[in-house]
There are 2 protein chains.
Amino acid sequence: MRVLIVEDEPNLGQQLKSTLEGAGYAIDLATDGEEGHFLGSTESYDAIVLDLGLPEIDGLTVLDRWRKEGKVTPVLVLTARDSWSDKVAGLDAGADDYVAKPFQTEELIARLRALIRRASGNASSELTAGDVRLDTRSGKVTRAGEPVKLTAQEYKLLSYLLHHKGKVVSRTELIEHIYDQDFDRDSNTIEVFVTRIRKKLGQDVITTIRGLGYSLEDPDA
Amino acid sequence: MRVLIVEDEPNLGQQLKSTLEGAGYAIDLATDGEEGHFLGSTESYDAIVLDLGLPEIDGLTVLDRWRKEGKVTPVLVLTARDSWSDKVAGLDAGADDYVAKPFQTEELIARLRALIRRASGNASSELTAGDVRLDTRSGKVTRAGEPVKLTAQEYKLLSYLLHHKGKVVSRTELIEHIYDQDFDRDSNTIEVFVTRIRKKLGQDVITTIRGLGYSLEDPDA
DNA sequence: AGACAAGAATGCGTGTTCTGATCGTCGAGG
DNA sequence: CCTCGACGATCAGAACACGCATTCTTGTCT
């Protein structure tokens with residue numbers, strides 16, 4: 001699970017980062033609205049934690065822009081305790097949840113977990129590309145109707161590629177999403193699993209884009 | 001089945017908790033609206049019992065917020081006997097059923113059971129998979145017509161799997177629904193009970209999906 | 001006191017994941 | 001068009017984690 005934190009106050013930002021990393025999330029930290037907006041628009045996160053009081057661009061504006069761009073990533077907003085108007089405006093602008101400062105980090109983690117669960121819950125349980133079919137509910141994978149048995153890691157990898165089909169996914173991105181905590185970057189496990197998936201599902205399923213990463217093309221698209 | 005009770009009056013709250021625990025539910029008890037709302041938003045319950053007369057935040061407000069957050073957990077509302085307006089408002093705000101105070105605990109249990117059944121889309125009180133049959137009303141389990149004696153925890157575990165048959169259920173999910181909030185997460189009890197159920201009902205009933213969880217396949221489907 | 005259930009601890013076998021080495025291939029530059 | 005270098009693919013064995021069985025402790029109910 002990859003989470004973006006947009007928080008200008010350095011101490012709080014760093015603290016949040018380490019806490020959430022400890023909870024098993026991969027964290028990117030943006031220290032102002034500009035950077036936050038950019039990262040949120042270009043990278044793909046499972047959730048975003050957004051402080052409303054930011055320099056340069058206001059948090060609400062950032063949120064608003066994302067929504068206008070069609071981003072549906074769940075956003076958890078941090079507000080000052082008593083600014084009700086912030087809350088209301090935040091919810092209007094498309095925030096999915098809010099936490100008032102100061103807060104217990106446990107509360108933040110709990111809400112983040114709930115948010116991600118909720119968001120992934122209303123996703124359809126079937127992912128497909130060509131004749132490859134993956135049902136997230138039952139954890140079953142088939143190719144041309146034939147059931148294929150995948151191990152846990154193979155499954156996670158394929159599932160991530162399906163979630164981002166058509167897009168080039170870098171090895172780093174895969175590592176960040178499949179493993180929690182930071183993981184030895186120079187290791188070829190991803191390659192190993194790609195090989196294994198290809199063996200089970202066929203060579204043509206995953207395309208290698210040299211120097212960039214992997215991509216899963218959908219012939220239907 | 002895990003249920004949240006939001007009830008400010010300590011005696012009644014405790015009494016409800018023990019009664020429902022006796023009926024085989026895992027119970028979390030919140031004593032005010034704030035806490036209730038938080039737990040309801042962040043944890044996952046199969047149903048919620050909500051008293052409308054609460055300090056701090058009113059019960060109706062809590063309910064309303066949950067619904068606005070997109071929570072679909074069935075909620076059973078407790079109202080004073082004659083406050084019709086409460087009932088109406090409650091149903092408007094998204095309550096699924098109400099019980100007037102004072103009430104017979106049997107009635108509450110019955111309605112709760114009905115509520116959970118309704119929510120999970122089962123018209124009857126019978127859950128089946130292959131030749132395994134579980135009757136939620138009488139709490140009896142049979143395999144190929146032969147009655148099988150299960151202990152309370154074994155029953156809960158099996159019942160949860162039957163409610164979600166065909167789906168992969170992670171150990172965490174099982175723990176969250178079978179036990180209440182504070183429970184040692186790293187313990188192997190789930191495995192132990194799976195083993196015990198398999199011993200009583202046969203090896204083939206529960207399938208292990210390594211690294212992901214357990215699943216109960218329905219051969220009829 | 002005895003029986004039973006729940007949960008904790010332990011050891012073990014097996015399948016999975018990782019590592020490191022080697023082989024293959026693509027593409028840029030001569 | 002060929003060569004070389006870099007990057008990716010593949011393989012095999014080692015290390016590891018997972019899930020299972022079994023035993024033991026504790027607590028509860030009769």
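By convention in this document, chain letters (A, B, ...) are assigned in the order of the sequence lines, proteins followed by strands, and residues within each chain are numbered from 1. Predicted model only: the values in this text are computed from it and were never measured. Hydrogens, waters and symmetry mates are skipped; everything else that's a heavy atom, side chains included, is used.
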request  = Give a yes/no answer on whether the side chain of A/Tyr179 brings an N or O atom under 4.0 Å of OP1 or OP2 in C/dT17.
outcome  = no
key: Residue whose nearest DNA chain C nucleotide is more 5′ - A/Arg196 or B/Glu154   = B/Glu154
key: Summary of protein contacts for nucleotides 21-30 of chain C, nucleotide by nucleotide, where a base hit scores B, a sugar-phosphate-only hit scores S (4.0 Å, heavy atoms)   = B--BBB----
Lys/Arg-Asp/Glu bridge criterion (N-O < 4.0 Å) met for A/Arg143, A/Asp131 = yes
message = Quick check: do A/Leu20 and A/Ile109 have side-chain heavy atoms less than 4.5 Å from each other?
response = yes
request  = Could you tell me whether the phosphate oxygens of D/dG8, OP1 or OP2, come under 4.0 Å of any side-chain nitrogen or oxygen in A/Arg171?
outcome  = yes
request  = Provide, to the nearest angstrom, the distance between the CG atom belonging to B/Asp180 and the P atom belonging to C/dA6.
outcome  = 15 Å
key: More than 12 heavy atoms from other groups under 6.0 Å of CZ on B/Arg133   = no
inquiry  = Whether B/Lys199 contacts D/dT22 is assessed here as follows: a side-chain N or O lying under 4.0 Å from the phosphate OP1 or OP2. Is that the case?
reply    = yes
query = Phosphate oxygens OP1/OP2 of D/dC18: is one of them under 4.0 Å from a side-chain N or O of B/Thr208?
reply = no
inquiry  = Is A/Tyr155 close enough to C/dT16 that one of its side-chain N or O atoms is under 4.0 Å from OP1 or OP2 there?
reply    = no
message = Taking only side-chain N and O atoms of A/Thr195, does any of them lie within less than 4.0 angstrom of OP1 or OP2 on D/dT10?
response = yes
message = So if I apply the salt bridge (charged side-chain N to carboxylate O under 4.0 Å, His left out) rule between B/Asp96 and each of B/Arg117, B/Arg67, B/Arg111, which one comes out positive?
response = B/Arg67
note = Whole-Å distance, A/Ile197 CD1 to D/dA9 P, equals 12 Å
request  = May I ask you to decide whether B/Asp58 forms a salt bridge with B/Arg65, counting only side-chain N to carboxylate O separations under 4.0 Å?
outcome  = no
message = How many whole angstroms separate atom CG of B/Leu174 from atom P of D/dG19?
response = 12 Å
Sugar-phosphate only, base, or nothing, as touched by A/Val192 at under 4.0 Å among non-hydrogen atoms = base
query = Between C/dG7, D/dT10, D/dA9, which nucleotide gets closest to the side-chain atoms of A/Gln203?
reply = D/dT10
inquiry  = With a 4.0 Å limit, can you tell me whether A/Tyr214 has a side-chain N or O closer than that to the phosphate oxygens OP1/OP2 of D/dC7?
reply    = no
inquiry  = In whole Å, I'd like the distance from the CD atom of B/Glu191 to the P atom of C/dT10.
reply    = 15 Å
key: Nearest-angstrom distance from the residue atom CZ of B/Phe193 to C1' of D/dA21   = 15 Å
task = Establish, with yes or no, whether the OP1 or OP2 oxygen of C/dT19 is under 4.0 angstrom from a side-chain nitrogen or oxygen of A/Ser187.
result = yes
request  = Compare side-chain N and O positions of A/Thr151 against OP1 and OP2 of C/dT17 and report whether any pair is under 4.0 Å apart.
outcome  = yes
request  = Indicate whether OP1 or OP2 belonging to C/dG7 is found under 4.0 Å from a side-chain N or O atom of B/Gln153.
outcome  = yes
query = Between B/Gln14 and B/Lys17, do the side chains contain an N or O donor and an N or O acceptor separated by less than 3.5 Å?
reply = no
query = Tell me: CD of B/Glu21 to P of C/dA5, nearest whole Å?
reply = 20 Å
request  = Please report, rounded to the nearest Å, how far the P atom of D/dA9 is from the CD1 atom of A/Ile209.
outcome  = 11 Å
task = Send over the distance from B/Ile175 CD1 to C/dG7 P, rounded to a whole Å.
result = 10 Å
ask   = Can you tell me how far the CD atom of B/Gln153 sits from the CD1 atom of B/Ile178, to the nearest 0.5 Å?
value = 7.0 Å
ask   = Of the nucleotides C/dG7, D/dC20, D/dG8, which has the atom closest to the B/Arg198 side chain?
value = D/dC20
remark   = If each end axis of the helix from C/dA1-D/dT30 to C/dG30-D/dC1 is fitted on five C1' pair positions, the angle between them, to 10 degrees, is 30°
note = dist A/Ile5:CD1 -> A/Asp51:CG (nearest 0.5 Å) comes out at 11.0 Å
A/Ser41 and A/Glu69: side chain donor to acceptor below 3.5 Å = yes
Criterion side chain to side chain contact (heavy atoms under 4.5 Å, CB included) on B/Leu78 and B/Leu108, from CA distance to verdict = CA-CA 9 Å; B/Leu78 298 179; B/Leu108 185 69; 4.1 Å; yes
note = Output for pair (A/Lys149 NZ, A/Tyr155 OH), nearest 0.5 Å, gives 14.5 Å
